[in-house]
Amino acid sequence: MPTVQIYSRRLSLVTAVLQWLVPLAWIAIATVATMHGDPELPGGPADASQLQLSSKIAFVLLTSIAPLLLGLMLRELHQLLLLYAGGEVFTAPAVVRIHRMGVLLVAYSLADQVAFLAAGLVLYFTERLTEVPLAYQLHLGELFIGLVVILLGRIMGMACRMQDELSLTV
């Protein structure tokens, strides 16, 4: 029976680099855009020179949560690939990694939106705006995929338990 090669050294290397590169680059770009450019704020684009430093720092900190969660998700993917390289496909550690990836993806999809809403509130209080600049978009794609990954982790967990029970009964 032919075996399926799940692990790829190239994919593992890419995830190892991306788990650090994506969050750091994203945060660096957001910081530069917020401090010197025209950042995309909840009320629309704004001139950075008109914002207070405390507003800029708060906005950068709030919008850095989602990239950090994305970096953690890529780390879990890298660890899962390392497990697969060791031949641990239907094992409890692999199931845990898949479940964590799903939870992190759901958290990522929600954190991005919550951070944007919180940034609007921070701007309202620090910049003395006349109306609260709240903008909200729910990205159902990321949320749906995260829930599907959690479901797949549960199914793999059940398969692992069934495999353990089967190996004990024989």
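Position 1 is the first residue of the sequence; numbering continues from there.
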Legend entry - Distance-minimising heavy-atom pair for Val60 and Ala30: CG2-O, 4.2 Å

Inset, instruction - Could you grab the distance from atom CG of Asp164 to atom CZ of Arg161, nearest 0.5 Å is fine? - result: 9.5 Å

Legend entry - Pairs where residues 67-77 contributes a residue and the test side chain to side chain donor-acceptor pair (under 3.5 Å) is met, not counting sequence neighbours: Glu76-Arg97

Inset, instruction - Carefully, step by step, assess Leu18 and Leu77 under the rule side-chain contact (heavy atoms from CB on, under 4.5 Å). - result: CA-CA 11 Å; Leu18 287 179; Leu77 178 61; over 6 Å; no

Inset, instruction - Taking all non-hydrogen atoms of both residues into account, name the closest pair between Gly71 and Pro23 and its distance. - result: CA-CG, 3.5 Å

Inset, instruction - Identify the heavy atoms of Gly146 and Leu105 that sit nearest to each other, and give their distance. - result: N-CD2, 3.4 Å

Inset, instruction - Determine whether Leu69 and Val22 fall in the same hydrophobic cluster, where Ile, Leu, Val, Met, Phe, Trp and Tyr are linked whenever their side-chain heavy atoms lie under 4.5 Å apart. - result: yes

Legend entry - Pairs touching residues 18-30 that satisfy side chain to side chain donor-acceptor pair (under 3.5 Å), sequence neighbours left out: none

Inset, instruction - State the CD1-CG distance between Ile150 and Leu104, to the nearest 0.5 angstrom. - result: 9.5 Å

Inset, instruction - Mind checking the CZ-CG spacing from Arg10 to Leu81? Nearest 0.5 Å is all I need. - result: 14.5 Å

Inset, instruction - Working to the nearest 0.5 Å, report the span between CD1 of Ile65 and CG of Leu110. - result: 12.5 Å

Legend entry - Within one Ile-Leu-Val-Met-Phe-Trp-Tyr cluster: Tyr84 and Val14, side-chain cutoff 4.5 Å: yes

Inset, instruction - Determine, using the 4.5 Å side-chain heavy-atom cutoff (strictly less than), whether Leu72 and Ile98 are members of one ILVMFWY cluster. - result: yes

Legend entry - Heavy-atom pair with the smallest gap, counting every atom of Cys160 and Ala92: SG-N, 4.5 Å

Legend entry - Val148-Leu140 co-clustered via ILVMFWY side chain contacts under 4.5 Å: no

Legend entry - CD-OH distance between Gln113 and Tyr108, expressed to the nearest 0.5 angstrom: 9.5 Å

Inset, instruction - Answer with yes or no whether the hydrophobic clustering places Leu152 together with Leu80; edges join I, L, V, M, F, W, Y residues whose side-chain heavy atoms lie under 4.5 Å apart. - result: no

Inset, instruction - Give, for atom CD of Gln163 and atom CE of Met156, the distance between the pair rounded to the nearest 0.5 Å. - result: 9.5 Å

Inset, instruction - Identify, with sequence neighbours excluded, every residue that meets side-chain contact (heavy atoms from CB on, under 4.5 Å) alongside Glu88. - result: Leu83, Thr91, Pro93

